[in-house]
Novice: 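Let me begin by handing over the structure; questions about it come next.
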Amino acid sequence: MPNIKSAKKRVLITKKKNARNRSDRSKLNNAIKAFNKAIDSANIEEAERLLPLTVSVIDKSVTAGIIHKNAAANRKSAISKRLSDIKSGKVTITVKKDNKTIAAEKARAAKEARDAARAEFRAKQIEKEAEKAATKSKKAEKVKAEDEKADKKTAKKEKVEKAEKAEKAPKKTTKKAKEAAEEAKDEKAE
């Protein structure tokens, strides 16, 4: 740790400049990466839009002293050449996929497959439940029809039995019925 006041101040200034330089270098690298990503994803319109912005960031980094002017010229030339080669057809674009993108696509495909399997399974369950309900209703209808037939048969048997009992049983007549029957006979006779 410095003891002299000017040395202490120099340490603070160096920290500030270092942070600013790191930020400017990061902006430069991010601009170049964005341009290259646009080209790698075959998005030529986006690359054309980003080219002047990237060149501007490179020029600003030269004035800030982040990179040397010749290095800046080389970088500007490289990105411009890459875009012009792709436009002219000298170079064809092969879309690159990093491992993260490939893993995400696999995960998405697996999720879609799981969702499709779940939907298919659910459809089969609903179909089975509908079949069960249909068979239950058919059974209930059969049981109901059989019960109605049995009720009709028992009702007929009961009527027949009552009729047989009525025929077998001696007729009991009351005094009034006897008197009415005698009067009816008398009237017929007259």
Side-chain angles (χ1 to χ4, degrees), residues 1-140:
M1 215 34 215
N3 293 328
I4 302 170
K5 188 176 182 180
S6 63
K8 290 178 184 178
K9 185 177 179 182
R10 183 56 49 199
V11 168
L12 295 175
I13 291 171
T14 304
K15 281 185 181 179
K16 284 182 184 177
K17 284 186 176 181
N18 191 1
R20 190 179 305 122
N21 288 344
R22 193 175 294 139
S23 171
D24 289 346
R25 186 174 297 275
S26 177
K27 286 178 187 174
L28 171 69
N29 290 334
N30 287 339
I32 293 172
K33 282 180 188 177
F35 177 80
N36 287 332
K37 186 176 181 182
I39 288 180
D40 290 339
S41 64
N43 193 351
I44 303 302
E45 293 81 21
E46 181 70 13
E48 288 176 346
R49 187 185 69 78
L50 288 176
L51 181 64
L53 299 174
T54 306
V55 169
S56 173
V57 170
I58 291 172
D59 289 338
K60 286 179 184 174
S61 64
V62 169
T63 57
I66 305 298
I67 58 172
H68 193 270
K69 63 179 181 176
N70 293 347
N74 289 340
R75 288 190 183 189
K76 289 191 285 188
S77 172
I79 62 175
S80 298
K81 185 176 187 307
R82 187 166 185 214
L83 182 62
S84 66
D85 285 349
I86 289 172
K87 280 183 172 178
S88 66
K90 287 182 182 178
V91 178
T92 58
I93 301 170
T94 55
V95 178
K96 297 178 184 176
K97 293 182 181 178
D98 59 348
N99 290 336
K100 195 174 186 181
T101 306
I102 293 169
E105 288 176 354
K106 283 182 181 178
R108 192 178 311 113
K111 183 179 180 185
E112 289 174 359
R114 281 193 309 269
D115 290 343
R118 279 190 197 127
E120 185 178 328
F121 180 74
R122 184 65 185 141
K124 285 181 180 179
Q125 278 185 331
I126 291 171
E127 189 176 310
K128 285 180 182 178
E129 289 173 2
E131 288 177 9
K132 285 181 182 179
T135 55
K136 280 185 179 180
S137 64
K138 285 181 182 178
K139 285 181 181 179

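Computed from a prediction, not measured in an experiment: that's the story for all the values here.
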Novice: Under 4.5 Å between any side-chain heavy atoms of Ile67 and Ile58, yes or no?
Specialist: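 The answer is yes; the side chains approach within 4.5 Å.
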Novice: Does NZ in Lys60 sit with more than 12 non-hydrogen atoms of other residues, nucleotides or ligands closer than 6.0 Å?
Specialist: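 Atom NZ in Lys60 is not packed in, count stays at 12 or less.
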Novice: Distance check, rounded to the nearest 0.5 Å: Lys76 atom NZ versus Thr54 atom OG1?
Specialist: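 OG1 of Thr54 is found 11.5 Å from NZ of Lys76.
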Novice: Can you find a heavy atom in the side chain of Lys138 that is under 4.5 Å from one in the side chain of Thr135?
Specialist: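 Lys138 vs Thr135: side chains apart.
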Novice: Closer than 3.5 angstrom, by distance alone: can the side chain of Asn30 be matched with the main-chain N or O of Ser26 as a donor-acceptor pair?
Specialist: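 Checking the backbone N and O of Ser26 against the side chain of Asn30, a donor-acceptor pair under 3.5 Å is found.
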Novice: Closest approach of Leu28 and Val57, non-hydrogen atoms and distance?
Specialist: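 Heavy atoms of Leu28 and Val57 come nearest at CA-CG1, 3.6 Å.
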Novice: Nearest 0.5 Å, please: how far is CZ in Arg118 from NZ in Lys111?
Specialist: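 Between atom NZ of Lys111 and atom CZ of Arg118 there are 9.0 Å.
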Novice: So how far is it from Glu48 CD to Lys87 NZ, rounded to the nearest 0.5 Å?
Specialist: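 Those atoms lie 3.5 Å apart.
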Novice: Using a 6.0 Å cut-off, check whether atom CD1 of Ile4 has over 12 heavy atoms from anything other than its own residue.
Specialist: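 Result for CD1/Ile4: open.
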Novice: Kindly compute the distance separating CD (Glu129) from CZ (Arg122), expressed to the nearest 0.5 Å.
Specialist: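 These two atoms lie 5.5 Å from each other.
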Novice: Output yes when Lys81 and Asp85 qualify as a salt bridge under the 4.0 Å nitrogen-oxygen rule, no when they do not.
Specialist: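 A salt bridge links Lys81 with Asp85.
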Novice: If you look at every heavy atom in Ala34 and Leu50, which pair is closest and at what distance?
Specialist: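 Nearest pair, atom of Ala34 first, then Leu50: O-CD1, 3.7 Å.
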Novice: Starting from the C-alpha separation in whole Å, work towards a yes-or-no answer on side chain to side chain contact (heavy atoms under 4.5 Å, CB included) for Asn29 and Arg25.
Specialist: CA-CA 6 Å; Asn29 290 334; Arg25 186 174 297 275; 3.8 Å; yes
Novice: For a 4.5 angstrom cut-off between non-hydrogen side-chain atoms, does His68 reach Val62?
Specialist: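 Of all side-chain heavy-atom pairs linking Val62 with His68, none is under 4.5 Å.
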Novice: Ignoring hydrogens, what is the shortest heavy-atom contact between Ala7 and Pro2? Give both atom names and the distance.
Specialist: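 In this case the closest contact between Ala7 and Pro2 is CB-CB, 3.5 Å.
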Novice: Hey, could you give me the OG/CG distance between Ser77 and Asn70, rounded to the nearest 0.5 Å?
Specialist: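 Nearest 0.5 Å value for the OG-CG distance: 12.0 Å.
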Novice: Under 4.0 Å between a Lys/Arg side-chain N and an Asp/Glu carboxylate O for Glu46 and Arg49?
Specialist: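 A salt bridge links Glu46 with Arg49.
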Novice: Is Asp40 salt-bridged to Arg82, cutoff N-O under 4.0 Å?
Specialist: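 Yes, charged N to carboxylate O under 4.0 Å.
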Novice: Would a 4.5 Å heavy-atom cut-off, applied to side chains only, mark Leu53 and Phe35 as touching?
Specialist: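 They are not in contact (no side-chain heavy atoms under 4.5 Å apart), so the answer is no.
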Novice: Supply the atom-to-atom distance Leu51 CG to Ser84 OG, rounded to the nearest 0.5 angstrom.
Specialist: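 One gets 9.5 Å once the value is rounded to the nearest 0.5 Å.
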Novice: Test Arg108 against Glu112 for salt bridge (charged side-chain N to carboxylate O under 4.0 Å, His left out), laying out the working first.
Specialist: CA-CA 6 Å; Arg108 192 178 311 113; Glu112 289 174 359; 5.6 Å; no
Novice: Does Asn99, at its CG atom, have more than 12 non-hydrogen atoms belonging to other residues, nucleotides or ligands within less than 6.0 Å?
Specialist: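 Incorrect, the count does not exceed 12.
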Novice: Any side-chain heavy atom of Asn43 sitting closer than 4.5 Å to one from Glu45?
Specialist: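 Result yes, sub-4.5 Å side-chain heavy-atom pair found.
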